Structure formats: structure tokens, C-alpha cells
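Okay, structure first, notes after.
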Amino acid sequence: MTRTHGGFRGWAADRTGHLTRLRFTSLRLRLVVVFGLVALTAAVSASGIAYWLNREAVLTRTQGAVLRDFQQEMQNRAGALPAHPEQDELQHTAGQMANSSQRFSVLLVATGTDGRTVYGNSGGLSGFSLDDVPASLRTAVNKQQPLTGGNKSPYHLYWQRVVDHGTPYLVAGTRVIGGGPTGYLRKSLEPEAKDLNSLAWSLGIATGLALIGAALLAQAAATTVLKPVHRLGVAARRLGEGRLDTRLRVSGTDELADLSRTFNNAAEALEKRVADMAARDEASRRFVADMSHELRTPLTAITAVTEVLEEELEAETGSMDPMIEPAVRLVVSETRRLNDLVENLMEVTRFDAGTARLVLDDVDVADQITACIDARAWLDAVDLDAERGIHARLDPRRLDVILANLVGNALKHGGSPVRVSVRAERADAPGKETGDGGDGGEESVVIAVRDHGPGIPEDVLPHVFDRFYKASASRPRSEGSGLGLSIAQENAHIHGGAITAANCPEGGAVFTLRLPRDASDLAEQPGERAGAVQVTGRGTGQGQEDAR
């Protein structure tokens with residue numbers, strides 16, 4: 001079932017990819033459409049003009065030949081008839097006229113000797129009749145025109161194209177000058193219509209071929225244009241992935257070649273800039289590390305001296321001069337603070353250099369929290385809500401550093417009571433709390449440290465984990481180093497977890513630590529403790545002070 005569902009998803013993803021590539025916003029598709037529209041417009045225009053010109057030429061040529069032949073037959077044969085012919089004479093003459101080279105139907109109309117209208121039809125009783133002649137044409141043929149200098153004849157030849165049952169015809173008529181019958185012809189234009197239809201089909205096929213050719217040409221042009229653009233996109237993605245040595249091969253002198261040169265210049269400048277920044281960053285980290293190591297030697301001696309002075313201060317012999325006692329206490333506290341700062345700087349240097357390692361062990365989270373609080377004498381000040389049995393594979397030392405920072409900050413800068421709660425979360429039911437550590441579906445441990453103080457200002461929240469961040473410029477000095485929360489966040493990250501800070505609606509701040517139940521995939525083999533340093537609760541619980 002899973003495989004089938006996965007196959008369907010893969011097929012759907014492939015289809016989506018194809019549709020995405022063919023979307024109208026695609027430059028390739030737009031080029032093909034534009035080329036196709038241009039070719040279609042040009043082909044249709046050319047075909048329409050060619051069809052119209054050929055149609056007029058064919059019809060005009062056929063029509064002219066028919067009308068000339070009919071007019072000649074009317075003069076030669078119909079003009080030879082008497083003024084009042086008999087029907088047989090009209091019928092015979094119509095048949096002779098229809099046998100001309102143009103092969104048209106003829107209808108002759110005249111007045112007989114008895115004054116009745118007689119008809120002569122070349123096709124017999126079922127042939128061409130007067131009803132097949134449009135009334136407007138009959139009226140024009142029988143209308144006598146006034147004689148003028150430009151008009152020498154009272155009657156003229158008139159014609160009209162008609163369609164009868166889907167077949168086109170040419171119908172014309174005229175009267176014999178000087179008296180005689182009126183003649184009409186009807187000529188089928190079906191052969192010419194078939195020729196024009198064949199021409200239209202040919203032009204349509206030519207238009208389709210032109211459209212296909214334009215599409216192929218557009219595809220070739222799009223490939224030529226888009227291939228460098230595609231290479232540029234691939235190079236840009238590789239550059240974004242950090243491969244700063246990516247360069248494009250430049251060929252030609254066109255705009256795309258100029259674009260490739262510009263990209264290469266930009267990539268080269270970026271590579272140089274990043275290399276310079278990396279070198280300066282490495283030098284800075286090395287300086288901090290060297291400085292921290294160099295400071296440890298004199299600090300060791302100074303610490304020993306301050307411990308002696310502190311013992312003298314705590315002794316009840318009264319040997320310490322009351323005038324210098326405040327100065328001695330200041331020296332002792334500041335030496336301790338300086339020692340903590342150096343230790344924190346060395347820890348930060350290890351994180352920056354990537355030499356920090358996890359030393360994992362199976363721990364009961366509730367026991368670990370209790371040990372951390374008990375070691376710092378915070379049991380009376382902290383309300384612990386953690387059931388035993390929630391086990392995790394973590395680095396106990398680094399977890400202790402995180403807890404010391406979060407709980408110490410809550411006690412120092414928050415309001416009582418401080419509450420520490422622990423819950424295990426399932427991957428299929430986020431947020432569900434359980435104390436059963438044996439359920440294999442639980443994947444992460446969530447530790448929340450909440451105080452009931454004034455909370456953290458909203459503009460400060462995004463910066464609480466920044467190094468040396470001071471919420472107020474008027475408080476440049478504090479007991480903390482400004483690195484505690486930053487180190488706690490780094491320790492969470494090295495486990496594959498994170499710490500978030502927020503304000504509770506009921507008041508106070510809450511820091512939420514989320515760690516995986518098993519960090520084995522992120523750790524080195526046990527025993528590799530490169531750069532591991534024990535950071536005491538006094539030295540690590542100061543980071544939030546600078547934020548608040």
C-alpha cells in the first residue's frame with residue numbers, strides 16, 4: 001500500500017514538473033506561442049489574399065468568356081429570328097445557342113403572332129425556366145435605357161451570380177437590339193467552385209505546415225537562447241550552495257556572452273570577498289582562542305591569590321584592614337568574573353571552530369535536572385515538575401550547562417516561583433505529554449523553564465541569544481559575561497535541538513528547550529572530548545541579564 005501510494009505521488013510529482021515547465025510563464029512556451037502567432041497571422045493573411053485574387057481571376061475569366069459567347073450567339077442566332085417567331089423556332093434557336101463552346105443553358109422569350117408570350121428552352125420542359133431568373137435581373141434586362149452620347153443602345157447585357165441548392169450559377173440576360181426575343185443564360189460554376197475549394201485546401205495545408213515550421217523554428221531558437229540561460233541558472237544555484245569557484249564558459253560576443261562575463265566577474269569578486277571574510281574570521285577566532293589560552297596562565301596565579309584573600313575575608317580573626325576590605329572583595333569578584341569570561345570565550349571558540357563534540361550517555365532527564373539544581377543549592381527556589389523514567393541519550397555535561405543557564409537566569413532576573421517542567425513528545429502527536437519513557441514513538445524531550453517576573457521586552461526577544469547583547473546601553477556593566485544564553489543555544493544545536501524564548505500571557509518569561517531523545521547520529525564516538533570544558537553554574541547563568 002505504501003509503495004503504491006508512493007508511486008502515485010511520484011507520478012503526480014512528475015506530471016506537476018512537466019506542467020510547470022509548460023506553464024505559460026515559461027519563456028520557451030512564450031517564444032513558441034509568439035512565433036506560432038506570427039507565422040499563423042502571416043500565413044493566414046497570405047493565403048487569404050492569394051485565395052481572393054485567384055477566385056476573382058477564375059470567376060472573371062469564366063464569366064467573361066461565357067458572356068462574350070452568349071452575346072455573340074444572341075446577335076447571330078437570336079437576331080436572325082423574325083419579330084414574332086413561333087415556339088418551334090425559339091426552341092430550335094435556343095438549342096443551337098446552348099451548343100456553343102461554353103455549354104450553358106438558354107431561355108428565349110418572345111411575343112408570338114397571336115400576341116401571346118412564347119418560350120424556347122434548350123433543356124426541354126424540365127430545363128431552364130423564367131422562374132430560375134432573379135426578378136431584379138429580369139427587370140434590369142427589360143428596362144429600356146435612354147439613348148445618350150455615351151449610351152448607343154437602349155438595352156444592355158446584365159448578369160448575376162446565384163446559388164441554387166448549394167450549386168453556384170451565373171445567370172445573365174439581354175434583348176436583341178432593334179426588336180426580337182429576350183435571351184437568358186444559366187451557367188453552372190461548380191467546376192470553378194471545386195477548383196477554388198482545392199485551392200483553399202492547399203492554402204490551408206500550407207498554413208498548417210508554416211505553423212508547424214514556425215513552432216519547430218521557435219523551439220530551435222528557444223533552445224539556442226535558453227541553453228545559456230539554463231546554464232546561468234544552474235551556475236547561480238551552485239553559487240548559492242557555496243561553490244564559489246563556479247564559472248561559466250564564455251563564447252561569442254552577443255548579449256548572453258556579456259551576461260556570462262558579468263556573472264563570472266561577480267562570482268570572482270564574491271569568492272574573493274568571502275575568502276577575505278573567512279580569513280579575517282579565522283584570524284579573529286584564532287586571536288580569541290590564543291588570547292583565552294594566554295590569559296589562563298596569569299589568571300591561574302591570580303585566582304590562587306584571590307582564594308587566599310577570600311579565606312582571609314571569611315576568617316573571624318579580624319586580620320583584614322577594614323579600609324581595604326571592600327577593595328579586596330571587588331578584586332575577588334572581578335577575578336572570578338574574568339575567569340568565567342575566559343572559560344566562556346574558549347567554549348565559544350570551540351563552537352566556532354567546529355571542534356566541540358558530544359560525549360553521550362543514557363540519562364534520566366528528571367534525575368539530571370535534580371542534580372543540576374541540587375549542585376547549585378536551588379532546590380528550595382525551584383518548583384520541579386518532572387516524572388522519572390523519561391530517558392534520553394544526551395551529553396550530561398552540556399545538558400547541565402544549558403540547565404544552569406536557563407534556571408540561573410530565571411532565578412536572578414525573573415520572579416518567583418521558577419518552575420521547570422519536562423515532557424516527552426511523540427512525532428505523530430506533537431505536544432502530547434507523557435511520562436512513559438518506554439514508548440518507542442516518543443522522539444524528543446521538552447524542558448520548559450518559566451519564571452513569574454516582568455518578562456522580556458518584545459524588541460529584545462529576537463536578540464536574547466546574541467553574544468554580548470545589551471538590552472540597555474545605560475547598563476554596559478553586569479555580573480554576567482553576556483555569553484551564557486548563546487552557549488546554551490549552541491549546546492542545544494550540537495544535540496540537534498533548539499531553545500526558544502517567549503513571554504507567557506499570564507506574565508513572566510518561558511524558555512523552552514527541545515532535544516531529541518537520541519543524539520547518536522550527531523555525536524562522535526565516546527571518548528572524543530575535543531575541546532570539552534566544564535562551565536560552572538556561577539559562570540554560565542548570566543546571559544539573560546544582559547538581555548533584560
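Small disclaimer: the values here were computed from a predicted structure and weren't measured.
Using a 4.5 Å heavy-atom threshold, the side chains of Val250 and Asn264 count as touching. In this structure, Val418 and Asp383 have side chains that are not in contact, with every pair of non-hydrogen atoms separated by 4.5 Å or more. Between His230 and Pro228 the shortest side-chain heavy-atom distance does not fall below 4.5 Å. The shortest distance between side-chain heavy atoms of Val446 and Thr512 falls below 4.5 Å. Between Ile369 and Leu384 there is a side-chain heavy-atom pair separated by less than 4.5 Å. Under the 4.5 Å side-chain criterion, counting only non-hydrogen atoms from C-beta, Leu406 is not in contact with Ile447. Using a 4.5 Å heavy-atom threshold, the side chains of Arg237 and Arg243 count as separate. Side-chain contact between Thr207 and Leu40 is present, with at least one heavy-atom pair separated by less than 4.5 Å.
Of the inter-residue distances, the one linking Asn503 atom CG with Leu461 atom CG reads 5.0 Å to the nearest 0.5 angstrom. A distance of 7.5 Å separates CG of Leu216 from CD1 of Ile212, quoted to the nearest 0.5 Å. Atom CD of Gln489 and atom NE2 of His493 lie 3.5 Å apart (nearest 0.5 Å). How far CZ of Arg514 is from OG1 of Thr500: 7.0 Å, rounded to the nearest 0.5 Å. To the nearest 0.5 angstrom, Leu379 atom CG is 6.5 Å from Ile373 atom CD1. Considering CD1 of Ile456 and CZ of Phe511, their distance stands at 4.0 Å, rounded to 0.5 Å.
Side-chain atoms of Asp374 never come within 3.5 Å of backbone atoms of Thr370 as a donor-acceptor pair (strictly under, hydrogens ignored). Within the 3.5 Å criterion, the main-chain N or O of Pro396 finds a donor-acceptor partner in the side chain of Gln368. With hydrogens and angles disregarded, no donor-acceptor distance shorter than 3.5 Å links the side chain of Ser45 to the backbone of Ala42. One N or O on the side chain of Asp395 and one on the backbone of Val359 form a donor-acceptor pair closer than 3.5 Å. Formation of a donor-acceptor pair under 3.5 Å by the His452 side chain with backbone atoms of Pro417 is found in this model.
Applying the side-chain contact (heavy atoms from CB on, under 4.5 Å) rule to Asp364 yields the partners Ala366, Asp367, Arg388, His391; only residues at least two apart in sequence or on another chain are considered. Leu232 is linked by a side-chain contact (heavy atoms from CB on, under 4.5 Å) to Leu248, Leu259, Phe263, counting only residues two or more places apart in sequence or in another chain.
When all heavy atoms of Val464 and Leu485 are compared, the closest pair comes out as O-CD1, 3.5 Å. The minimum heavy-atom distance linking Leu513 with Ala492 is given by the pair CD1-CB, 3.8 Å.
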Worked verdict on Glu425 versus Glu443 for side-chain contact (heavy atoms from CB on, under 4.5 Å): CA-CA 6 Å; Glu425 284 194 351; Glu443 290 190 348; over 6 Å; no

CA sep, side-chain torsions, deciding dist, call: Val422, Asp385, side-chain contact (heavy atoms from CB on, under 4.5 Å): CA-CA 7 Å; Val422 181; Asp385 179 15; over 6 Å; no

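Classification of Glu387 and Arg423 as a salt-bridged pair fails, no side-chain N sitting under 4.0 Å from a carboxylate O. Between Asp400 and Arg376, at least one side-chain N (NZ, or NE/NH1/NH2) sits under 4.0 Å from a carboxylate O, which counts as a salt bridge. Ion pairing between Arg393 and Asp361 fails under the 4.0 Å rule for side-chain N and carboxylate O.
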All N/O donor-acceptor pairs, side-chain side in residues 271-278, below 3.5 Å, sequence neighbours left out:
residue, atom, partner, partner atom, Å
Glu271, OE1, Arg247, NH2, 2.7

